[in-house]
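Worksheet: one structure, shown below.
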Amino acid sequence: MSQQTFHIRVNVNGRWYEADVEPRMLLIDFLRDVLGFTGPHIGCDTGHCGACTVILDGRNVKSCMVLAVQVDGARILTVEGLEQDGQLHPLQEAFWENHALQCGYCTPGMLMSAYFLLKRNPDPTEDDIRKAIEGNLCRCTGYVNIVKAIKSAARKMSTRKQ
Amino acid sequence: MLQVLDGLRPRPFEYYAPTTIEEALKLLEEKEDAKLLAGGQSLLALMKLRIISPPTLIDLNRIDGLRYIKEESDGWLAIGAMTIYDDVEQSQVVRRRYPLLWEAVYRLGDQQIRNRGTIGGGLVEADPSGNLPPVAVALRAQLVAMNKDGRRIIPAEEFFVDSFTTALEPNEILTEVRIPPWPERASGAYVKLSRREIDYPIVEVAVQLALGDGDDIKEIMVVLGAVASTPYRATAAEGMLMGKSFDEQLVAKAAEECVKDLEPPSDVQASSWYRKEVSKVIVKRAIVKAWKRAMEVEV
Amino acid sequence: MPKALPEIVDAYKQEGKYLTGKWIGKPVKTKESYRHIRGKGAFADDVQLHRMVYMALLRSPYSHAKILNIDTSKAKEHPGVLLVLTGDDIKKIMRRPFPQPTTPPARNAVDYPLAVGKARFQGEPVAMVIAEDRYSAEDALDDIEVEYDPLPALVDGERALEPDAPLVHDEVGNNVMAHVHYKWGDVDHYFEVADRIVEAKFHYHRFSSTPLEPNVAVADYDERLDIMTIYCNNQAPMEFLPQLAAGLGMPFPKLRVVTRDMGGGFGNKLANWPYIVLAAMASKILGRPVKWVETRTEHLQSATHGAERICYVKAAVTTDGEVLAVKMRCIDDDGAYARHEPAGITVWAQVVPGLYKIKALENDYYAVFTNKCPAAPNRGFSRAPHLFMIERMMDRIARELDIDPVELRLKNLVPPEEMPYETPNGCIYDSGDWPEGLKKALEAANYWEWRERQEEYRKQGKLIGIGVAVGTDSAGPNMGQVRMYNPRLPYSGGTEGALVQITPDGKARVTLGSSPQGVSHETTAAQVVAEVLEMDYDDVYVQTGFDSFTSIYTMHSGTYGSRFAPLGIPAVYIAAARLREKIIKIVAHSLGCKEEDVVLDDGQAYCKQNPEKKTNYRRIARIAYGNIPELPPGMEPGLYSIAIFRPPFTHPNDHNMANLALTYSFNAHVVVLEIDPETALPNILEYVVVDDSGRIINPLVVEGQVHGAAFLGFSAALYEEYKYDEDGNLVNSSFMDYLVPYATETPAFKVIHMETPSPFTPVGAKGMGEGGGTSIQAVINAVEDAVAHLGITLEKSHIDPDTLLRMIREARGEEV
Ligand SMILES: Cc1cc2nc3c(=O)[nH]c(=O)nc-3n(C[C@H](O)[C@H](O)[C@H](O)COP(=O)(O)OP(=O)(O)OC[C@H]3O[C@@H](n4cnc5c(N)ncnc54)[C@H](O)[C@@H]3O)c2cc1C
Ligand code: FES
Ligand code: FES
């Protein structure tokens with residue numbers, strides 16, 4: 001097998017990075033092992049846990065189900081990029097205040113799915129929220145406080161806008 | 001002995017990202033056993049577990065012009081093969097004209113899968129329990145394939161040849177799904193039964209029907225998934241309902257009839273017996289729902 | 001019996017002198033979360049070391065097979081591969097297999113971290129590869145060729161005891177891992193005088209709560225200093241340090257085991273040490289750091305499962321519903337190796353009579369080997385299955401006597417006036433008003449209304465079930481319990497350590513003996529320290545995780561058995577209290593007043609007589625560390641305080657009697673659910689939990705634990721079960737088939753708190769994290785209740801729609 005490598009340029013959390021990658025390298029490994037963004041996690045091998053979720057060109061995707069070569073030229077937002085100028089994102093604040101996490105392993109992915117939801121639907125119902133995080137497993141919280149936190153962030157964000 | 005899966009990273013492969021369909025077709029001819037990469041939500045999963053290890057991937061994501069939902073002048077709806085599920089779910093046209101397609105996509109995987117997985121991939125994968133195959137058959141969709149000599153059209157009913165096998169030739173690419181216009185008073189419903197929302201169905205059914213002048217059925221397609229190696233068209237049930245007026249009892253009878261000859265598979269999620277029993281139930285529910293929708297007494 | 005003797009209660013009594021309520025009881029945002037919400041968690045797989053290499057394991061596809069030959073020559077040639085080892089290689093390196101906790105003949109079992117001679121469960125590692133990167137390590141596994149000779153598989157715990165059953169360990173000669181026979185109270189008498197004997201068989205199924213983060217080990221051998229550093233996510237590093245030390249031939253002071261953030265544990269990460277030993281050996285051979293990260297499939301297939309338990313239960317009852325005594329015959333299917341089990345054969349003895357005044361109990365109990373994944377604790381270890389048997393039995397008794405299951409419980413619950421209550425085997429239930437708690441839960445869930453409406457719904461063809469269960473999380477275990485199956489184990493008592501230091505800048509530094517997995521120890525420890533030392537919560541810095549070079553530990557240290565609140569927090573409290581006393585001495589000396597006149601307030605200190613003249617922790621610390629002559633004469637410099645909390649636990653006596661846990665929290669679960677009569681799919685309509693875990697240190701944390709425990713039980717009952725086929729293949733080893741629920745399946749649990757402080761801990765807090773598994777029994781009770789009128793009974797702790805629909809159809813006389 002030939003040792004093909006590709007030179008890719010990717011914008012992660014507002015900064016451009018360049019690297020040579022083997023085609024089979026998964027985006028999650030690229031983010032974690034090559035660029036050092038260890039926020040997104042690996043929790044499974046079948047695309048079921050969502051711990052690796054990042055925003056790729058505006059949409060939440062599972063970064064274990066995308067190849068690094070495929071994101072050449074793309075913009076990625078990971079959990080590390082949610083904070084702006086030292087200010088927590090309202091979702092981060094809400095997760096903290098509502099104790100929407102215990103071990104924190106699912107949190108980075110959960111936040112990104114919630115982020116996509118609120119961008120699309122600023123006023124979600126409880127069912128909308130549950131549906132939006134249906135690809136993100138949490139083993140610790142029973143989801144109760146996660147749902148609560150997303151609701152509360154949505155409320156905060158809409159009042160801030162007004 | 002089952003396969004023991006020790007890893008989560010694919011074996012090495014060559015990668016090409018053509019920017020035109022012609023280029024992709026050429027690569028497909030040249031590279032032996034190459035696989036097309038669409039959303040990757042099935043393909044990469046299998047490659048990560050090393051269940052399959054194609055030597056070459058040809059990525060379709062850099063080809064422009066394969067992602068669209070178009071209403072054509074003759075009333076057909078054309079969906080580009082690389083259109084992601086989420087686009088279909090968000091499409092008002094789809095939701096209005098083909099509620100069963102909307103439901104099938106809404107209930108497919110999760111948001112992340114829908115943001116990446118494509119209509120083309122979901123059809124070509126031909127997973128016996130995939131959400132789309134029965135819907136494509138029920139809507140009498142046509143699938144447009146391209147090869148180096150041009151394009152050909154394959155009716156959905158002929159597309160699914162066996163489990164994970166379609167009528168596509170190895171050198172062909174699916175480029176479009178075309179859904180015919182249905183009469184004015186037509187509607188449909190898709191019902192999936194699964195233990196978790198995100199899961200592939202244990203059983204699923206797609207129903208599309210059109211009414212005559214009253215609430216009588218003029219045309220009907222009842223297609224089950226996950227009960228056979230390919231989408232299963234319940235022609236007996238269809239026959240019982242043709243020309244009939246709305247009657248829930250009759251629907252229940254038709255549903256019974258429709259599963260009579262079924263021999264669904266058993267697997268870790270459900271036994272053959274269970275699949276057969278609940279098929280009855282969801283067929284009944286789906287037909288009633290589609291019928292009521294067509295009569296405009298329910299959304 | 002009932003009420004415990006005053007001298008025993010006195011021996012256990014603890015008081016907290018320095019509780020103000022300024023920090024304890026407050027919903028302060030957790031310290032840990034601030035990292036996690038920014039993606040800055042420090043998990044084991046986040047460790048990146050210079051020159052680090054990766055380990056991958058080749059695993060047996062057979063559940064039981066002789067290993068005839070392993071050819072690693074091709075793998076060794078694979079580019080990037082540095083080392084390939086098989087079981088035989090490991091055997092040579094280790095010289096001795098892992099020591100066995102069992103008694104002979106089970107002790108003859110031979111356990112190495114790679115299979116030697118034969119594989120005993122599907123997924124058992126048979127060879128390992130170390131390569132430069134993760135991808136090459138996985139690639140090289142393809143190049144190893146193993147010749148197997150498959151043997152008949154043993155997959156049934158009851159079958160294991162039959163004389164002609166396949167042998168898991170030939171060296172043992174049978175499949176018995178342990179056998180005990182306990183008898184507490186005059187069981188025979190009660191069975192004679194009883195009005196009625198109710199019998200049932202129950203089956204606690206195989207599942208694990210499977211934390212989202214898989215097992216991880218990074219071993220870094222430093223040749224220059226001859227120190228082995230292990231970054232891992234083991235929940236009780238001190239439990240495996242002896243194994244590691246023996247495997248490597250290194251003394252404890254040279255072994256540094258570190259845990260930091262851990263992505264959940266639930267007991268499943270107690271027995272990952274065979275892998276840690278492998279990584280450590282490889283690191284020592286190569287002189288390079290070695291990382292191993294388990295895949296999800298590996299985790300589900302071969303990490304650890306909660307033991308499966310089968311019990312035949314008989315209860316002696318009176319017609320008016322008094323439950324007098326219980327006889328049981330149980331079998332734990334512990335899988336292929338004794339890696340933490342057979343501890344489960346004794347641990348349930350913390351809760352022998354459940355929450356009831358049952359006077360006597362007998363159990364003839366086996367733990368057996370089978371060709372399945374080795375068992376280890378799962379949230380509610382051993383007590384949850386026992387409480388399942390008791391709670392399910394209560395429902396059965398109620399049905400046989402035609403009493404409402406709630407009435408039966410209220411009649412038999414230990415009443416508040418008998419607290420502290422001594423159980424027939426000498427355990428002390430410390431406090432609580434259990435009947436009141438149950439009533440609160442019923443009220444919140446509209447129990448009586450649902451009961452009334454249930455009949456109505458049935459007439460409409462709807463299947464509504466109402467399930468009630470009570471539970472206790474017996475917490476802070478007395479490890480002496482393991483001596484009830486092996487009296488020679490040098491392991492008893494229940495302790496935990498902590499260090500509290502005021503550093504020279506006046507901040508507090510705290511280290512803990514625990515290795516938390518998302519249970520907010522940094523937060524609750526900081527609240528206690530801030531409260532006792534009257535300082536700001538933000539000025540208290542608690543070291544993340546466990547570090548055998550800096551943490552104060554005992555051999556019991558770790559995070560399991562709901563032990564932080566009953567054992568860890570007292571250690572923190574006592575260490576802080578001692579430091580407080582020293583600080584007060586320094587202040588009194590330096591400000592010139594009596595100790596009793598010193599006031600500590602928000603990081604400052606002054607004398608009552610002169611509040612204007614203040615000093616603060618920074619100045620006090622300067623004196624203690626640098627300006628020594630200003631210390632009271634003779635006082636030792638520095639502001640370190642170490643405490644190890646020791647409750648007066650004893651060994652079990654000759655009758656296997658002892659107090660086996662320090663605190664007993666209470667919970668009551670009420671579930672209302674609907675079963676679709678046509679598909680048997682469940683839908684939870686109402687879920688209420690009342691929880692009493694003593695004094696609450698942080699309501700956010702406690703509520704989170706209640707949610708989590710309820711969730712994992714609910715999911716085990718309705719979604720999660722490991723399924724083996726008759727050849728010992730695990731047929732659902734991914735998250736695609738092992739159905740862990742998402743938010744879309746999970747109900748919104750409602751939680752109501754009660755607060756009955758424990759008299760046995762200084763803060764009054766009780767352990768509660770495991771939750772006693774109550775939700776499983778509540779959910780199964782509810783499902784059974786929904787279909788009981790059809791004559792259906794449920795044996796298992798898990799029910800899937802396929803099975804249930806079949807039962808419904810059969811009960812209705814339909815052909816299936
Ligand atoms: C967690 C999870 C849950 C899921 N749940 C569901 C579910 O409930 N229902 C369901 O239906 N699916 C489900 N899926 C699968 C999902 O629908 C996949 O996206 C889909 O099966 C494949 O689409 P894709 O675009 O990702 O295709 P890929 O994975 O890229 O490709 C699939 C196959 O189709 C071929 N192919 C793709 N496009 C073309 C083309 N244009 N022409 C020719 N060949 C092509 C590829 O070569 C490959 O063989 C789930 C997946 C995951 C990971
Ligand atoms: S790691 Fe589980 S979905 Fe990506
Ligand atoms: S907080 Fe642990 S998995 Fe969600």
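None of these values were measured; they are calculated from a predicted model. All values below were derived from every heavy atom in this structure, side-chain atoms included, with hydrogens, water molecules and symmetry-related copies excluded. Just so it is clear: chains get the letters A, B, ... in the order the sequence lines come, proteins before strands, and each one is counted from 1.
- Residues in residues 246-258 of chain B take part in these side-chain hydrogen bond (donor to acceptor under 3.5 Å, both in side chains) pairs, two or more places apart or across chains: Glu257(B)-Lys260(B).
- Heavy-atom pairs under 4.5 Å with chain B peak, among Thr744(C), Val740(C), Val293(C), at Val740(C).
- Using a cutoff of 4.0 Å between basic side-chain nitrogens and carboxylate oxygens, Asp139(C) and Arg50(B) are scored as salt-bridged.
- Ranked by heavy-atom pairs shorter than 4.5 Å toward chain B, the options Arg296(C), Arg809(C), Lys723(C), Arg806(C) are led by Arg806(C).
- Annotation: maximal heavy-atom pairing with chain B below 4.5 Å, among Pro801(C), Ala65(C), Pro741(C), Pro682(C), occurs at Pro801(C).
- The closest side-chain heavy-atom distance from Ile198(B) to Glu745(C) is not below 4.5 Å.
- Residues Leu805(C) and Val278(B) meet the side-chain proximity criterion, which asks for heavy atoms closer than 4.5 Å.
- Close approach to chain C, defined as a heavy atom under 4.5 Å from one of its heavy atoms, is seen in Val281(B), Lys284(B), Arg285(B) of residues 281-290 of chain B, taken by number.
- Expressed to the nearest 0.5 Å, how far CZ of Arg275(B) lies from CG of Asp802(C) amounts to 9.0 Å.
- For the atom pair CZ (Arg11(B)) and CG (Asp142(C)), the distance works out to 4.0 Å, reported to the nearest 0.5 Å.
- Using a 4.5 Å cut-off between heavy atoms, Asp676(C) contacts chain B through its side chain alone, with no backbone atom that close.
- The main-chain N or O of Leu718(C) is found under 3.5 Å from a side-chain atom of Arg195(B) such that the two form a donor-acceptor pair.
- Distance check, rounded to the nearest 0.5 Å: OG1 of Thr679(C) to CG of Leu193(B) gives 5.5 Å.
- For Asp127(B), there are no salt bridge (Lys or Arg N to Asp or Glu O under 4.0 Å) partners two or more places apart in sequence or in a different chain.
- Side-chain atoms of Tyr274(B) and Thr803(C), non-hydrogen and from C-beta on, never get closer than 4.5 Å to each other.
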Indicate every side-chain donor-acceptor pair of residues 199-208 of chain B with a distance under 3.5 Å to a residue at least two apart or in another chain.
unit_1, atom_1, unit_2, atom_2, d
Asp199(B), OD1, Arg196(B), NE, 3.2
Asp199(B), OD1, Arg196(B), NH2, 2.9
Asp199(B), OD2, Arg196(B), N, 3.2
Asp199(B), OD2, Arg196(B), NE, 3.0
Glu204(B), OE1, Tyr190(B), OH, 2.6
Gln208(B), OE1, Gly188(B), N, 3.4

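- Counting non-hydrogen atoms of other residues, nucleotides and ligands closer than 6.0 Å to OH of Tyr106(B) gives a total of 12 or fewer.
- A 6.0 Å sphere centred on CD of Glu814(C) holds more than 12 heavy atoms belonging to other residues, nucleotides or ligands.
- Side chains of Gln269(B) and Leu739(C) form a contact here, defined as non-hydrogen atoms less than 4.5 Å apart.
- Applying the 6.0 Å contact sphere to NZ of Lys796(C) captures more than 12 heavy atoms from other residues, nucleotides or ligands.
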